[in-house]
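Quick notes on the structure that follows.
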Protein chains: 2
Amino acid sequence: MKDVAAAAGVALKTVSRFVNAEPGVSPATAERVAAAIERLGYRRNESARMLRRGRTATIGLVIEDVADPFYSEIGRAVEDVALRHGSLVFSGSSGEDPRRERELVLAFCARRVDGLVIVPAGTDHDYLLPELDAGVAAVFADRPGGLDADTVLSDNAGGAHSGVTHLIRHGHRRIAFLGDRTAIFTAAERLRGYRRALSDAGLPADGTLIATGPPERAGVALDRMLAEPDPPTAVFAGNGRITVALLRSGHRPPLVGFDDFELADLLTPGVSVVAQDPAGLGRTAAELLFRRLSGETGPARRIELATRLVPRGSGELRP
Amino acid sequence: MKDVAAAAGVALKTVSRFVNAEPGVSPATAERVAAAIERLGYRRNESARMLRRGRTATIGLVIEDVADPFYSEIGRAVEDVALRHGSLVFSGSSGEDPRRERELVLAFCARRVDGLVIVPAGTDHDYLLPELDAGVAAVFADRPGGLDADTVLSDNAGGAHSGVTHLIRHGHRRIAFLGDRTAIFTAAERLRGYRRALSDAGLPADGTLIATGPPERAGVALDRMLAEPDPPTAVFAGNGRITVALLRSGHRPPLVGFDDFELADLLTPGVSVVAQDPAGLGRTAAELLFRRLSGETGPARRIELATRLVPRGSGELRP
DNA sequence: TTGAAAGCGGTACCAC
DNA sequence: GTGGTACCGCTTTCAA
């Protein structure tokens, strides 16, 4: 900018005025400045600008894995909203590791992002407190964080409830629940929905029909249940990875799975699912964030997005 | 930092020394500074630091769509390499729109990223020239850009050749090629590989067996071919979207598709594919980039990554 | 309408 | 070991 000013024979400030379209530059001067800018190929240094102005027009996004379709769709939605607000987004994968989440977030904060959208890997977010004090806004998506901040979730319990109820309506009375580790918020919520659906239907709760743990163990868990006397006649799978793990281990039981996935409709039979709205999750989180950034105050909000039951065949099989 | 210096009763520069672990700070002083930092919750402002140092430890990534599994895997690999080099990554989706690609890239450059990994949407990259002059490094991934820069590609022609040859070995002599618009580099390359495979096998080239265009039209194109006299007995699909489009339109011909996809093994029959290595694409591109950033000079490199034929059933069906 | 000078939060270079 | 000071590239404040 200094060079441009020199080339145009004006003061630094005049160039700044022109570049920022501020009033107070005569057409003639403007012309000269424009020419100089063109000739020198000048482009404003945003970082310097941000340093001075205090806002970086940048937000940070931490998701579990940018290559996972569910989370990357969240990311895509966040990106779209950010772009519409003139912001760029730093993105990073936590890999479900709280330490890495923390490192990423702090690295983003050191770069002075205006705000953060976080899919929390851990439950302790005290490390964020100083940053929030310093003025960065934060929104949790998909799962609540360990902090009273804006949060956007799916209706996990409600979705599981509707999926299990769907199986009950199709004549099943012994329905297995194969879910992820209950330490994961969404997994616990879905189990809660499963239990509520059974009790709402007046069916007994049977602990032997419930298995929680890592997805790769789902197939074996189901094998075991099926070998028992009075085995389950249908399965509710707690997330997409578990659904796929079951299918891959050769099982084709009457089934409703939480989470939609590509090609679920092309399998035989089509896989009935409780679909979340990942794009909605991301969009809503980002919108909440930008609302805060534009000055909105008030208590933290917690928004729950509806899920949608998609019947495709597997969930309509009778016992 | 000024505040920390005041609180610790030392000069600004001493704090800077401590924070950067530079030599020349006595243990006693270090102690005091550390205490002040802790007490004030100080964290260095990276943007200010970068402004002064000239390097931002940030790279920009432009892919077609961060929510597309193929590209997001590239993104994940880039992110991993960047993190290992202490860099953060700005990411953005071009949506296959050259204008948006340009805007993103220029926005990244305005933020003074050190380098760029670009999956080019367009073929004209003259807009990058001034930036390259200004010192940013750029690497193209998946497709070549309109510029003599480092480039990492898959062996598209070779992969298609092996896939088509696989069908020929299984007795097919009339093989349809359903590909994307040939304006897309990868699509054209794959068509080239198809043609070469036929001629290597001494089979005639028949233009009526070739259809190129948007994936959603693939099903209809195949319908038409099958209605002709002497129809094809097998299909080579030019990319993953076309493969899925064909399956979704009800076709189950002997088939090899370019691009692997989740659940290809669970369909009936399993879908044989020519698999690319998206993670390798991203990793290699990022490594090339950081090599340039650490001072490597020399002519632009062009690396081609091998593909891998994965037989799963559909490609082994006989006429 | 235009410009000079201070300062954003750091680092680099050179004295003490 | 420690401090002073210029300066990165831009915006802001105030004066001309």
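As the structure is a computational prediction, the values presented were derived from the model and not from experiment. Atoms considered below: every heavy atom in the structure, side chains included; atoms not considered: hydrogens, waters and symmetry mates. We name chains A, B, ... by the order of the sequence lines, and we start the count at 1 in each one.
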To the nearest Å, how far apart are [X] [atom1] and [N] [atom2]?
X: B:Asn45; N: C:dG9; atom1: CG; atom2: P; value: 7 Å
X: B:Asn20; N: C:dC13; atom1: CG; atom2: C1'; value: 15 Å
X: B:Arg53; N: C:dG10; atom1: CZ; atom2: C1'; value: 11 Å
X: A:Arg49; N: C:dG10; atom1: CZ; atom2: P; value: 21 Å
X: B:Glu22; N: C:dC13; atom1: CD; atom2: C1'; value: 11 Å

For this session: Select one nucleotide: of C:dT2, C:dG10, C:dC8, the one nearest the side-chain heavy atoms of A:Thr29.
Result: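 Output: C:dT2.
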Would [X] and [Y] pass as an ion pair if we require N to O under 4.0 Å?
X: A:Lys13; Y: A:Glu22; answer: yes
X: B:Glu38; Y: B:Arg32; answer: no
X: A:Glu46; Y: A:Arg44; answer: yes
X: B:Glu79; Y: A:Arg100; answer: yes
X: A:Arg76; Y: A:Asp80; answer: yes

Exercise. Checking only heavy atoms, does the side chain of B:Arg52 share a donor-acceptor pair with the base of C:dG9 at less than 3.5 Å?
Worked result: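 Such a pair does not exist between side chain and base.
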For this session: Could you tell me from which nucleotide to which nucleotide of DNA chain D, 5' to 3', there is an atom under 4.0 Å from chain B heavy atoms?
Result: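 Extent of the interface on DNA chain D: D:dG1 to D:dG9.
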Which pair of non-hydrogen atoms, one from [X] and one from [Y], has the smallest distance, and what is that distance?
X: B:Val113; Y: B:Thr56; answer: CA-OG1, 3.7 Å
X: B:Pro144; Y: B:Thr151; answer: CA-CG2, 3.8 Å
X: A:Gly60; Y: A:Phe108; answer: CA-CD1, 3.7 Å

Exercise. NA contact type, B:Tyr42, heavy-atom cut-off 4.0 Å: base, sugar-phosphate, or nothing?
Worked result: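 If one applies the 4.0 Å heavy-atom cut-off, B:Tyr42 turns out to touch the sugar-phosphate alone, with no base involved.
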For this session: Determine, step by step, whether B:Arg143 and B:Asn156 satisfy the side-chain hydrogen bond (donor to acceptor under 3.5 Å, both in side chains) criterion, reporting the C-alpha distance in whole Å, the side-chain angles of both residues, the deciding distance to 0.1 Å, and the verdict.
Result: CA-CA 10 Å; B:Arg143 321 164 190 175; B:Asn156 291 288; over 6 Å; no
Exercise. Which of residues 7-17 of chain B sit near DNA chain D, with a heavy atom under 4.0 Å from it?
Worked result: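 Per residue number, the list reads B:Val10, B:Ala11, B:Lys13, B:Thr14, B:Arg17.
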For this session: In sequence, state the C-alpha distance, the side-chain angles, and the governing distance for B:Asp259 and B:Asn239, and then conclude on side-chain hydrogen bond (donor to acceptor under 3.5 Å, both in side chains).
Result: CA-CA 6 Å; B:Asp259 285 339; B:Asn239 67 38; 5.6 Å; no
Exercise. Are more than 12 heavy atoms from other residues, nucleotides or ligands located less than 6.0 Å from atom CZ of B:Arg102?
Worked result: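 At most 12 heavy atoms, drawn from other residues, nucleotides or ligands, come within 6.0 Å of this atom.
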Problem set entry | Residue closer to the 5' end of DNA chain D, B:Pro27 versus A:Val19 (nearest nucleotide) |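 The 5'-side residue here is B:Pro27.
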For this session: Within residues 105-114 of chain B, find the residues that approach DNA chain C with a heavy atom at under 4.0 Å, and present them sorted by residue number.
Result: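 By residue number: none to list.
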